[in-house]
**Q** 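Have a look at this one.
Numbering of ligands and ligand atoms starts at 1, following listing order. Residue numbers run from 1 in the order of the sequence given. The analysis underlying the following values was restricted to heavy atoms, covering all of them including side chains, and did not include hydrogens, waters or symmetry mates.
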Amino acid sequence: MDIDAFGSELKERRIRSGSGVPCSYFTPVVNYMGSDPGLDYVPASSEGEAVAIAAGLVAGGRPAFALMQNSGLGNAVNPITSMLYIYQMPVVLLVSHRGEPGKPDEPQHERMGVITDELITLCGIEGYVFDETSFGRELDDVLARQVPAGWVFRKGRLTGGSVAAPITFEAETSAFALPPRRRHVPAMDRYDALQVIAPLLNAEADRPAVVATTGKLSRELYELDDQDHSKANRFYMVGSMGCAAGFGLGVARTRPGKVVVLDGDGALLMKLGTLATIGAAKSANLHHVVIDNAAHDSTGGQPTASPSVDFAAIALASGYRRADTVSTADELKQTLEAHLSEEGPTFLRVVVRTGGKAELGRPKLAPRDAYARFRDWLAETA
Ligand SMILES: Cc1ncc(C[n+]2csc(CCOP(=O)(O)OP(=O)(O)O)c2C)c(N)n1
């Protein structure tokens, strides 16, 4: 299918946004997305991140695709099963089929080539083999039902389009000033920190969209002040560890209003590439806060690499406009207030000790209701 005809099929259904990690089969799609300023394509660091970004775009009211090679479908299985499936987010997955059985290809594609079609449906996602005569009809059908679905593209199905200009660039090193070296001794635990942060998320004027990472952080934030289900600006991620920032980036592209991502150090380390994606995207309305307890606290307090990592330095080196590290309640309040009043992307590392609220329950909002609440709030405040 010629790429312009394919692009028209997408445009007719308001799909003008997407994210992905390329496969040579999708070169026409990536070039096409770059050929028109009315189209929005976010190059992702990993396929799971691409799924999260597309899901954030969709939540914010922009139909979107995530494209990937089938080798990267393996990288995306958790976000597909824990996020797209659980919340029924209608992201359009475009998956290339390397290693198609019976066709010569490189050895690394052999096994994934055999399981690709089945893997999509095993993830609980409707799967189709791309056929240009039925694609439009299938898209209409899944979008009408608002369910996630994936199309597998055999070799050579998309053709034509302009050739992208070769990339010319200069690499700028040390383009940022590091804050002075200092030690940060934890003075709070995660729940203490959330008690300082939550009131800033509830501001009447300019209330931010909030995306909270999986695990006890989300559960504590819910128990803190959302048990009456009054905080429709919040989205608590279950599973999809590491995807809160990518999802927040997707949401941030759909609206002028602020988006606050509340992350964990384990989750951030799992998808550290997202810092580079956000830095490159220069999202002025994105504010990233990491509650860093140097542990996978939610699963029993097992250590992470955090103590030897200066996250704020990585954020600055990745293109964030501002990055700070704090450990006391006063510093946290003042610095977060400052970040929220400035252009992003900003990054705030909150150094805390392990532990948090005792006797923690689980949100009484079912995941699909939680997603609908957030999506509807984004639409009302767009
Ligand atoms: C892909 C994936 N791997 C592992 C888990 C299990 N898990 C849930 S929460 C969590 C720890 C998260 O650590 P961090 O982000 O630092 O937050 P904390 O629990 O310390 O607040 C882990 C490992 C998961 N949900 N998903």
**Q** Counting non-hydrogen protein atoms only, what is the nearest one to atom 9 (S) of ligand 1? Give residue, atom name and distance.
**A**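 Nearest neighbour among protein heavy atoms for atom 9 (S) of ligand 1, to 0.1 Å: Ser298 CB, 3.7 Å.
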**Q** Ring centroids only, cut at 6.0 angstrom: are Phe130 and Tyr25 within range, meaning strictly under it?
**A**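 So the answer is no for these two rings.
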**Q** With heavy atoms of Asn293 as the reference, note each atom of ligand 1 found under 4.0 Å away.
**A**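 Reading through ligand 1 atom by atom, the close ones are 18 (P), 20 (O), 21 (O).
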**Q** Any idea which protein heavy atom is nearest atom 21 (O) of ligand 1, and the distance to it?
**A**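 Here the closest protein heavy atom is Arg190 NH1, 2.9 Å.
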**Q** Between Arg14 and Phe65, is NZ or CZ placed under 6.0 angstrom from the six-membered ring centre and within 45° of the ring axis?
**A**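 Checked: cation-pi criterion not met.
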**Q** Would you tell me which option among Gly301, Ala295, Gly266, Gly264 has the nearest heavy-atom contact to atom 20 (O) of ligand 1?
**A**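 When every heavy atom of Gly301, Ala295, Gly266, Gly264 is considered, Ala295 comes closest to atom 20 (O) of ligand 1.
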**Q** Got the closest protein heavy atom to atom 8 (C) of ligand 1, with its distance?
**A**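 Answer, as residue, atom name and distance: Thr299 CG2, 3.9 Å.
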**Q** Asp263 and Ala244: which non-hydrogen atoms are nearest, and at how many Å?
**A**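 Asp263 and Ala244 have their closest heavy atoms at OD1-CB, 4.5 Å.
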**Q** Look at atom 26 (N) of ligand 1 and say which protein heavy atom is nearest, naming residue and atom and giving the distance to 0.1 Å.
**A**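 In this structure, atom 26 (N) of ligand 1 has Met241 CB, 3.5 Å as its nearest protein heavy atom.
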**Q** How close does the nearest protein non-hydrogen atom get to atom 1 (C) of ligand 1, and which residue and atom is it?
**A**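 Nearest protein contact, heavy atoms only, for atom 1 (C) of ligand 1 is Asn78 OD1, 3.7 Å.
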**Q** May I ask you to check if ligand 1 and Asp297 share an N or O to N or O distance below 3.5 Å?
**A**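 By distance alone, the answer is yes.
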**Q** If I take atom OG1 from residue Thr335 and atom CG from residue Leu340, how far apart are they, to the nearest 0.5 angstrom?
**A**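 One gets 11.0 Å once the value is rounded to the nearest 0.5 Å.
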**Q** How does Asp265 reach ligand 1, by side chain, by backbone, by both or by neither, if only non-hydrogen atoms under 4.0 Å count?
**A**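 The answer is both.
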**Q** I want to check something: taking the side chain as every heavy atom from C-beta on, are Val260 and Ile197 in contact at a cut-off of under 4.5 Å?
**A**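 When only atoms from C-beta onward are counted, Ile197 and Val260 do not touch, as no gap falls below 4.5 Å.
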**Q** Does an N or O anywhere in Ala267 fall below 3.5 Å from an N or O of ligand 1?
**A**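 Looking only at distances, the answer is yes, because the N/O contact criterion of under 3.5 Å is met.
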**Q** Answer yes or no: is there a donor N or O on one side and an acceptor on the other, between the side chain of His97 and the main chain of Gly113, under 3.5 Å?
**A**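 It does hold such a pair.
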**Q** Would Leu94 and Leu73 show up in the same hydrophobic cluster when neighbours are defined by side-chain heavy atoms closer than 4.5 Å?
**A**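 Cluster IDs for Leu94 and Leu73 differ.
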**Q** Quick one: does any side-chain atom of Glu220 pair with a main-chain N or O of Leu217 as donor and acceptor, under 3.5 Å?
**A**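 Here the side-chain-to-backbone pair does not exist.
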**Q** With atom 13 (O) of ligand 1 as the reference point, say which of Lys271, His296, Gln302 has the nearest heavy atom.
**A**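 Nearest heavy atom to atom 13 (O) of ligand 1 lies in His296.
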